Amino acid sequence: MESLRLCSRSACREAAVATLTYVYADSTAVLGPLATYAEPHCYDLCNAHAARLTVPLGWEVVRLDLAGQPRIPSRDDLSALVDAVREAAEIPATEAPRRAGRHALPPPPETQGTRRSHLRVLREER
């Protein structure tokens, strides 16, 4: 199956086959199979650019096996996603975990005549 994404290198019109990700904290570049979705801080590369990849002095390159990797999600991945969605749908909204802590604000009291929307006015207590 041909990739619909193109190489991220400028002026390259080849199909992407690998994804490059930088781990700045470890001074590492990771080159692996083409990611399922385009990520904002990752770079898709064609065969030629993936093979010629160089990194700054002192950095390490981790090359994951590009051969034999499925280019589309496997049936197991899709089944796991379906199971996770079904489990999340079984939890009633009243039992869903709520964020609590020092910085959590209590919900404002309902005021007559105010419109319920995603924005609320918080009035100061006097």
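Everything numeric here is computed off the predicted structure, so don't read it as measured data.
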Can I get a per-line list of side-chain donor-acceptor pairs under 3.5 Å for residues 24-35, giving both atom names and the distance, sequence neighbours left out?
from	atom 1	to	atom 2	distance (Å)
Thr28	OG1	Asp26	O	3.0

> For the atom pair CG (Leu64) and OG1 (Thr21), what is the distance rounded to the nearest 0.5 Å?
Replying inline: 9.0 Å
Can you give each donor-acceptor pair under 3.5 Å made by side-chain atoms of residues 51-60, sequence neighbours left out, with the distance rounded to 0.1 Å?
from	atom 1	to	atom 2	distance (Å)
Arg52	NH2	His49	NE2	3.4

List, one per line, each side-chain donor-acceptor pair under 3.5 Å for residues 8-18, sequence neighbours excluded.
from	atom 1	to	atom 2	distance (Å)
Ser8	OG	Asp44	N	3.0
Ser8	OG	Asp44	O	3.1

>> Tell me whether Arg63 contacts the main-chain N or O of Ala50 through its side chain, where contact means a donor paired with an acceptor under 3.5 Å.
In response: yes
